[in-house]
Amino acid sequence: MSASSVSSRSINQVPVSTTIKSICCIGAGYVGGPTMAVIADRCPAVQVTVVDLNADRIAAWNDPDLSQLPVYEPGLDVVVGRARGRNLHFSTAVEEAIAAADLVFISVNTPTKTKGLGAGQASDLKWVEASARTVARAAQGHTIVVEKSTLPVRTAAVIQEILEAAEGRGEQKTFSMLSNPEFLAEGTAIPDLEAPDRVLIGGQDPEAIEALSAIYRQWVPAERILTTNLWSSELSKLTANAFLAQRISSINGIAALCEATGADVREVARAVGADSRIGAKFLQAGPGFGGSCFQKDILNLVYLCRHYGLEEVAAYWEQVVALNSWQQHRIARLVVTKLFGTVTGKRLAVLGFAFKADTNDTRESPAIQICQDLLEEGAQLVIVDPKVSEAQITKDLGQGSLGDVNPGGWQMASSAAEAAAGADAVLLLTEWAEFGALDWDGIAAVMRQPAWLFDARALLDPEIFHSANATIKLWMIGKG
Ligand code: UDX
Ligand code: ADP
């Protein structure tokens, strides 16, 4: 590629020539890993090094067997296979990679704080701050620092202050700060990165913006690269996620009303989505949204609104999260009610644990809350997921039997038929395509009667299902 060769102005106004030949990304997670793999693939002349403090994660990224990458994303293995060792590197040598880089992405985790000021709402920025301090210490010459993690508005100011302090010490280092939020969705990360709806770059330094734009222009049409100031860029990411999550809570609320009234939420979604002002996407009713972003970003927005005294706006967005949580509990309650008011000691097959199909990520997965509610009711769960490991489910749910705290227990199975053997119900919680193509006659034959299927994703076609499976009672989200 023709790497950008421009003059860049730093925070303290020293003009420096910047040619992006070397990129470092701090954080080898669900965002950093796939994003850097695509940048390296599309910009073969740029050296891209992804660093992480977690040595096991880096080892997995370097595993010669591409099926062992720590992040499961369709197509990621092919992209990594093409670029790794050529201009894509994974390393634990954080400072070394920063020192060699013209541009550093910060792509570390920013979970919601669990303690202290803003607990339950504000993001914990300790990993961002630590990364900024490492960049301030290790960088050499002029470095463009790009915030990639989803962050509360004005986080760039925190990073900038730390970097400016390093400049102020009179060392031969200068920085430019940009915000470049990532809009990829897990499960479709590679196509989202290869053909994004837009790339957003926020910042004050036109030369730094141009340098990063030039990287993206290697494969993204120039008209899709939007530039804004830093704060608009940060707020746009929170707003986009809040709007998307709001659509899901809206359709999930209507799903409950459909079940009560005899309407079918899929028909309602089709009719409503046909209005071009509304659009057909993101109207799929389900067990509630999960993933690392939606809830965290809305809570950040709520925190921000409260901080600025906008109580009504805060309450408005907070309700999107409240409805999502209600939806998860509602599904667990409904299962108990249909199974004669008790699931104590009953075997329930759980199909899918990831927060959506085509990912091994379980962060905020609705399956976690639904399973926890059923465990509290004493159920014996048998869980199947094509990509989620038993170790991860143990982290999310705790040990198989929780004794006094939790009378229920759980175990894994390797197939839906194995999980369903002797079960009173099957709960379909993640829309993996393979769950839509199961042999339900075979499954019905091994279940205890009366047997139920709770399709919380509306994955199955009820007409086809009923004609083939008179022996399983079907409950479907938004239809009843
Ligand atoms: C989201 C945003 O889409 C992405 O732009 C941002 O960068 C990160 O957050 P992600 O969380 O990976 O991406 O997946 P997404 O496809 O948005 O799904 C989020 C949750 O909403 C999942 O649990 C999914 O099952 C659920 N969902 C999505 C629905 O229940 N119904 C829908 O119609 C769409
Ligand atoms: P995301 O979904 O935003 O990519 P992940 O939790 O999957 O979040 O990845 C974030 C990664 O950042 C983790 O692998 C974590 O070890 C790494 N990380 C956090 N802080 C630092 C740091 N100071 N230096 C290097 N890596 C870090």
Side-chain angles (χ1 to χ4, degrees), residues 24-36 50-58 60-61 70-71 73 90-95 97-98 104-111 123-135 138 148-151 181-189 192-193 196-198 200 236-238 240-245 247-252 255 265 269 273 280-298 324 327-328 352 354-367 429-431 456-458 477-478:
C24 167
C25 173
I26 307 177
Y30 283 90
V31 173
T35 308
M36 294 308 121
V50 189
V51 294
D52 203 297
L53 296 173
N54 182 336
D56 291 342
R57 213 166 203 189
I58 290 298
W61 279 109
V71 168
E73 273 295 337
F90 295 93
S91 165
T92 51
V94 179
E95 302 208 357
I98 293 170
V104 176
F105 284 105
I106 298 181
S107 188
V108 298
N109 35 330
T110 52
S123 275
D124 193 337
L125 295 180
K126 69 179 174 202
W127 292 279
V128 170
E129 185 183 329
S131 303
R133 288 184 190 280
T134 312
V135 175
K148 194 78 178 150
S149 316
T150 305
L151 295 163
E182 186 47 67
F183 293 102
L184 69 81
E186 289 176 31
T188 53
D192 290 348
L193 286 161
D197 285 349
R198 81 304 210 182
L200 183 57
S236 299
K237 171 70 193 244
L238 295 190
N241 277 344
F243 273 49
L244 290 168
R247 277 174 79 93
I248 300 170
S249 279
S250 298
I251 200 69
N252 283 342
V265 77
K281 292 181 183 167
F282 257 71
L283 288 178
Q284 175 75 44
F289 56 77
S292 69
C293 285
F294 282 174
Q295 177 167 318
K296 179 183 78 177
D297 286 356
I298 294 178
N324 195 53
Q327 176 79 339
Q328 297 173 9
F355 81 96
K356 61 186 281 194
D358 294 322
T359 178
N360 60 344
D361 195 349
T362 63
R363 286 177 291 180
E364 306 296 338
S365 176
L429 298 186
T430 311
E431 73 285 18
R457 293 282 183 172
I477 189 91

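Side chains are part of it too, since the values below use all heavy atoms of this structure and drop only hydrogens, waters and symmetry mates. Remember, it's 1-based here, ligands and their atoms both numbered in the order they're listed. Not measured: the values here are computed from a predicted model.
With sequence neighbours left out, Asn324 forms a side chain to side chain donor-acceptor pair (under 3.5 Å) with no residue at all.
Backbone and side-chain nitrogen or oxygen atoms of Tyr30 are examined, and one is located within less than 3.5 angstrom of a nitrogen or oxygen of ligand 2. The distance criterion of under 3.5 Å between nitrogen or oxygen atoms is not met by Ser292 with respect to ligand 1. When only interatomic distances are considered, the shortest N/O to N/O separation between Phe183 and ligand 1 falls below 3.5 Å. Where the criterion is an N or O separation shorter than 3.5 Å, residue side chain and backbone included, Lys356 meets it with respect to ligand 1. Close N/O approach between Ser292 and ligand 2 is not found [any backbone or side-chain N/O within under 3.5 Å].
Between Thr188 and Asp358, the closest side-chain pair of non-hydrogen atoms is not below 4.5 Å. Thr35 has its side chain out of reach of Cys25: every pair of non-hydrogen atoms, C-beta onward, lies at least 4.5 Å apart.
Looking only at heavy atoms of the protein, atom 21 (C) of ligand 2 is closest to Val108 CG1, 3.6 Å. In this structure, the protein non-hydrogen atom closest to atom 20 (N) of ligand 2 is Trp127 CD1, 3.3 Å. Residue, atom and distance of the protein heavy atom nearest to atom 19 (C) of ligand 2 are Asn109 OD1, 3.2 Å. The nearest protein atom to atom 27 (N) of ligand 1, hydrogens excluded, is given as Ile248 CD1, 3.4 Å; this is a heavy-atom distance. For atom 12 (O) of ligand 1, the nearest non-hydrogen atom of the protein is Glu186 N, 2.7 Å. Here the heavy atom of the protein found nearest to atom 22 (C) of ligand 2 is Leu53 CD1, 3.5 Å. Here the heavy atom of the protein found nearest to atom 5 (P) of ligand 2 is Arg57 NH1, 3.7 Å. Looking only at heavy atoms of the protein, atom 7 (O) of ligand 1 is closest to Leu184 O, 2.8 Å. Protein heavy atom at the shortest distance from atom 2 (C) of ligand 1 is Asn241 OD1, 3.5 Å. Remark: minimum distance from atom 16 (O) of ligand 2 to any protein heavy atom is reached at Asp52 OD1, 2.6 Å.
Between atom CD1 of residue Ile106 and atom CH2 of residue Trp127 there is a gap of 14.5 Å, rounded to the nearest 0.5 Å. If you take OG on Ser131 and CG on Leu53, they are separated by 7.5 Å, rounding to the nearest 0.5 Å. With values rounded to the nearest 0.5 angstrom, Asp192 atom CG is found 8.5 Å from Glu73 atom CD. Residue Thr362 holds its OG1 atom at 14.5 Å from NZ of Lys356, rounded to the nearest 0.5 Å.
Under 4.0 Å from ligand 2, the heavy atoms of Arg363 that appear belong solely to its side chain. Residue-level proximity to ligand 1 for Ala185 is carried by backbone and side chain together, each with a heavy atom below 4.0 angstrom. At a 4.0 Å heavy-atom cut-off, ligand 1 does not touch Gln327 at all. When non-hydrogen atoms are compared, ligand 2 lies under 4.0 Å from the backbone of Val31 as well as from its side chain. Contacts between Thr188 and ligand 1, counted as non-hydrogen atom pairs separated by less than 4.0 Å, are absent for every part of the residue. Here Asp192 has no heavy atoms under 4.0 Å from ligand 1, in either its backbone or its side chain.
Of all the atoms in ligand 2, the ones that sit under 4.0 Å from a non-hydrogen atom of Gly29 are 4 (O), 5 (P), 7 (O), 9 (O). Of all the atoms in ligand 2, the ones that sit under 4.0 Å from a non-hydrogen atom of Ile26 are 24 (N), 25 (C), 26 (N). Within the listing of ligand 1, atoms 25 (O) sit less than 4.0 angstrom from a heavy atom of Arg457. Near Cys293, meaning under 4.0 Å from one of its heavy atoms, ligand 1 places the atoms 8 (C), 9 (O). Close approach of ligand 1 to Glu182 is summarised as follows: ligand atoms under 4.0 Å from at least one heavy atom of the residue are 7 (O). In summary, the atoms of ligand 2 found under 4.0 Å from a heavy atom of Ser131, numbered by their order in the structure, are 22 (C), 23 (N).
Side-chain atoms of Asn109 and Tyr30 include no donor-acceptor pair closer than 3.5 Å.
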For this session: Apply side-chain contact (heavy atoms from CB on, under 4.5 Å) to Val71 and Trp61, showing your working.
Result: CA-CA 9 Å; Val71 168; Trp61 279 109; 3.8 Å; yes
Exercise. Can you list the steps and then say if Ile98 with Val51 is a side-chain contact (heavy atoms from CB on, under 4.5 Å)?
Worked result: CA-CA 9 Å; Ile98 293 170; Val51 294; 5.6 Å; no
For this session: For the pair Phe183 and Leu200, evaluate side-chain contact (heavy atoms from CB on, under 4.5 Å) and give the outcome as yes or no after the intermediate values.
Result: CA-CA 9 Å; Phe183 293 102; Leu200 183 57; 3.9 Å; yes
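Of all non-hydrogen atoms in Asp52 and Ala28, the two that sit nearest each other are OD2-N, 2.7 Å. Considering all non-hydrogen atoms of both residues, Gly32 and Ser107 come closest at N-OG, 3.3 Å. Nearest heavy atom pair, residue Pro70 against residue Arg57, reads CG-O, 3.9 Å. When all heavy atoms are compared, the tightest approach of Val265 to Ile477 is CG1-O, 3.9 Å. Closest non-hydrogen pair, Ser91 versus Ile58, comes out as O-CD1, 3.5 Å. The two residues Thr359 and Gly187 make their nearest non-hydrogen contact at CB-N, 4.5 Å.
Residue contacts with ligand 1 include Lys237, since one of its heavy atoms falls under 4.0 Å from the ligand. Using a 4.0 Å heavy-atom cutoff, Ser149 is absent from the residues neighbouring ligand 2. For Gly286, the closest heavy-atom approach to ligand 1 does not fall below 4.0 Å. The closest approach between Glu364 and ligand 1 stays at or above 4.0 Å for every heavy atom of the residue.
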Return a table of donor-acceptor pairs under 3.5 angstrom between the side chains of residues 282-298 and protein atoms on other chains or two or more places apart.
{"from": "Gln284", "atom 1": "NE2", "to": "Arg457", "atom 2": "O", "distance (Å)": "3.1"}
{"from": "Lys296", "atom 1": "NZ", "to": "Thr110", "atom 2": "O", "distance (Å)": "3.4"}
{"from": "Lys296", "atom 1": "NZ", "to": "Thr110", "atom 2": "OG1", "distance (Å)": "2.8"}
{"from": "Asp297", "atom 1": "OD2", "to": "Asn241", "atom 2": "ND2", "distance (Å)": "2.6"}

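If you check each of Phe355, Phe294, Phe282 against atom 11 (O) of ligand 1, the one with the closest non-hydrogen atom is Phe355. Selection from Gln284, Arg247, Arg363 by nearest heavy atom to atom 32 (C) of ligand 1 gives Gln284.
With Glu182 as reference, Lys148 is the one residue of Lys237, Arg198, Lys148 to meet the salt bridge (Lys or Arg N to Asp or Glu O under 4.0 Å) rule.
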